[in-house]
Amino acid sequence: MAQDDARAAVWTAPVHVTDLSCVEAVYVYYRQAEGRLDYLRAEPQLSACPTDEAETSPPPPAPVTEPAPPTEAYTFRKSAWIWETGLWREDPLGLLQRASDGGYDRLFIALEIEDGVVAHQDALAAFIRSGLAQGVEVLAVEGDPRMVTPEGLEYALGRARAIAAYNEVRPETPLAGLQYDIEPYLLEIYKADPAGVLEKWSAAITALSAAYGDRVGAVIPFWMPAAPGGMPALTAASPSIRSLTAMAYRTDPDAIASAASGVLAAGQELGLPVNVALEAGPLEDEYLFVYRRSPSGELLLSPDQGPEQTVSLFSDAVHPQGDAAAFSYSHSVTAPASRVSFLGDGEALEAALNETRARLAAHPSFAGIALHGVF
């Protein structure tokens, strides 16, 4: 640890920063629970990196060419998640009508599985059939962070086999695919070994795809390609992945495009289509401490290997040593939920969706938009 004494950090977290000199502040997100602070994650805030002050000749101007109109490499899809199984069982025609009216052509639905068999198979087959008649595909979605643990993965594999078995016995109304929203970073073990946990995520995706008998969709946070072990995990799992969905939960089109850029680049590198996910449902406000660069401070940012860095938070100010950088507490901020969710504002959602689509249309891996919390 690069510091001037032996005091232990009260909290550490891995982050991805290519150049420490570009970091002007660090946001530390937290929540208050039973009279204590639980630190959640750290986000470095970048500024313009220092440059050589020596005079250099400007590069010659690039030739002026007429820009080609953007074209989408993949057929655009508008998707939504249905996590409540009762929604598609109790009012299937009403749900499909709302989906069709909203321009959705793909629904990811949660399933009930009992004793290794998909439940309500007649209702599911009827829902799929009605969806196809209205131009709406129906796929299954599964999600649980514990899928990266041996016990959780074994349970998930049984469910994958059950979903595959449904498709075999219902060949006229099969599910159009299977998607996994695992989110292993929600587990405590991720803080200690993010690269190791993402390696387990990759192995889980590969095993689940094999159990299902086809490639599967993978929902990932926008920051995963830059996380420790993130890109190796995606690369290893890519033969088992049909598409990526980037949770770029922001409401400003500039912020959405910026958040999605890393997964879009990863999709292009791996030859995978990428859907950009937005949030429309209710969320709580977030709280964060702001630390700004200083000669000494309560937060140190220390280099590890390559672009991986460690954030260490102390109860008192410490002085950095070596290549570490210090940041001192500045103030606390409440980040409103409206920053990451449209909170049911359909008009704002559609406006941002249309602008985001226009901005990303020319990206080689962009394939559509997925919405959470609209149904």
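Heavy-atom basis, side chains included; hydrogens, waters and symmetry copies ignored.
- Asp122 is not listed as a side-chain neighbour of His120, based on a closest heavy-atom distance of 4.5 Å or more.
- Taking the six-membered ring for Trp, Tyr104 and Phe375 have ring centres closer than 6.0 Å.
- Here NZ of Lys200 is found 11.5 Å from CG of Leu198. Values are rounded to the nearest 0.5 Å.
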Discussion item. Pair Val197, Leu187 - check side chain to side chain contact (heavy atoms under 4.5 Å, CB included), show working.
Written reply: CA-CA 9 Å; Val197 171; Leu187 299 176; 5.5 Å; no
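- Residues Phe366 and Tyr74 keep their aromatic ring centres 6.0 Å or farther apart.
- Side-chain N or O atoms of Glu279 include one that pairs as donor or acceptor with a backbone N or O of Gly281 at under 3.5 Å.
- Side-chain contact annotation: Tyr155 with Asp144, donor-acceptor N/O pair under 3.5 Å absent.
- Formation of a donor-acceptor pair under 3.5 Å by the Arg250 side chain with backbone atoms of Arg339 is not found in this model.
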Worksheet item: Under the side chain to side chain contact (heavy atoms under 4.5 Å, CB included) criterion, do Ile369 and Asn275 qualify, and how do the steps go?
Response: CA-CA 5 Å; Ile369 298 285; Asn275 300 287; over 6 Å; no
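- Taking CD of Glu112 as the start and CZ of Arg89 as the end, the distance is 4.5 Å to the nearest 0.5 Å.
- Side-chain atoms of Asn354 and Glu350 form no donor-acceptor pair, as typed in the model, at a separation below 3.5 Å.
- Here the straight-line distance linking atom CD1 of Ile256 with atom OG1 of Thr251 works out to 6.5 Å at 0.5 Å rounding.
- The shortest distance between side-chain heavy atoms of Phe127 and Leu96 falls below 4.5 Å.
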Worksheet entry | Worked verdict on Ile113 versus Ile163 for side chain to side chain contact (heavy atoms under 4.5 Å, CB included) | CA-CA 8 Å; Ile113 296 177; Ile163 295 170; 4.0 Å; yes
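- Distance check: Arg36 CZ to Arg31 CZ gives 8.0 Å after rounding to the nearest 0.5 Å.
- For Trp11 and Tyr30, the distance between ring centers is not under 6.0 angstrom.
- Here the OG-NE2 distance, from Ser294 to His319, works out to 9.0 Å after rounding to the nearest 0.5 Å.
- Nearest heavy-atom pair, Pro295 versus Ala326, reported as atom, atom and distance to 0.1 Å: O-CB, 3.9 Å.
- Annotation: cation-pi geometry satisfied between Arg41 and Tyr29 (NZ/CZ under 6.0 angstrom from ring centroid, within 45° of ring axis).
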Practice prompt. Test side chain to side chain contact (heavy atoms under 4.5 Å, CB included) on Asp181 and Trp83 and set out the steps.
Written response: CA-CA 11 Å; Asp181 181 10; Trp83 284 101; 3.9 Å; yes
